[in-house]
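Contents: one structure, followed by commentary.
All figures in this text were calculated on a predicted structure; none of them were measured in a lab.
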Amino acid sequence: MEHNFDAEQVKEQEYQEELKQSQKKDFKFSWVSSSRFLFYLLYACFFLLTWGGCYRLYTKRFEKPAVHVQESTLYTPKYK
């Protein structure tokens, strides 16, 4: 009976060690790796949104329309 108890105890210990190792690698249990990942993700999103906005403003910039101005209202007016 005592031998069976030792085997169960060893199995439980191995299980706990494996659980700790998997939790170190897991995203939700490792605060350091998850915060680093979220920081780089936010930085990449911010950079891409900024670059995309600047690119869109550059390609779709305002074009001045050709406005017809009466010749009598110019700085040096021309009269008929």
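- Because its NZ or CZ atom is both nearer than 6.0 Å to the ring centre of Y58 and within 45° of the ring axis, R61 counts as a cation-pi partner of that residue.
- Taking CG of L74 as the reference point, atom NZ of K78 lies at 6.5 Å (rounded to 0.5 Å).
- Partners of Q13 by side-chain hydrogen bond (donor to acceptor under 3.5 Å, both in side chains), not counting sequence neighbours: none found.
- Note that NE2 of H68 and CD of E71 are 7.5 Å apart. Values are rounded to the nearest 0.5 Å.
- Q70 pairs by the side-chain contact (heavy atoms from CB on, under 4.5 Å) definition with S72, T73, not counting sequence neighbours.
- Shown here are the side-chain contact (heavy atoms from CB on, under 4.5 Å) partners of Y55, two or more places apart in sequence or in another chain: T59.
- In this view, E14 and V10 satisfy the side-chain contact (heavy atoms from CB on, under 4.5 Å) rule, not counting sequence neighbours.
- When hydrophobic side chains of Ile, Leu, Val, Met, Phe, Trp and Tyr are connected at separations under 4.5 Å, F47 ends up clustered with L48.
- Shown here are the side-chain hydrogen bond (donor to acceptor under 3.5 Å, both in side chains) partners of E18, two or more places apart in sequence or in another chain: there are none.
- Taking a 4.5 Å side-chain heavy-atom cut-off between Ile, Leu, Val, Met, Phe, Trp and Tyr, the cluster of F39 extends to Y40.
- Every residue meeting the side-chain contact (heavy atoms from CB on, under 4.5 Å) condition with P65, not counting sequence neighbours, appears here in chain and number order: F62, V67.
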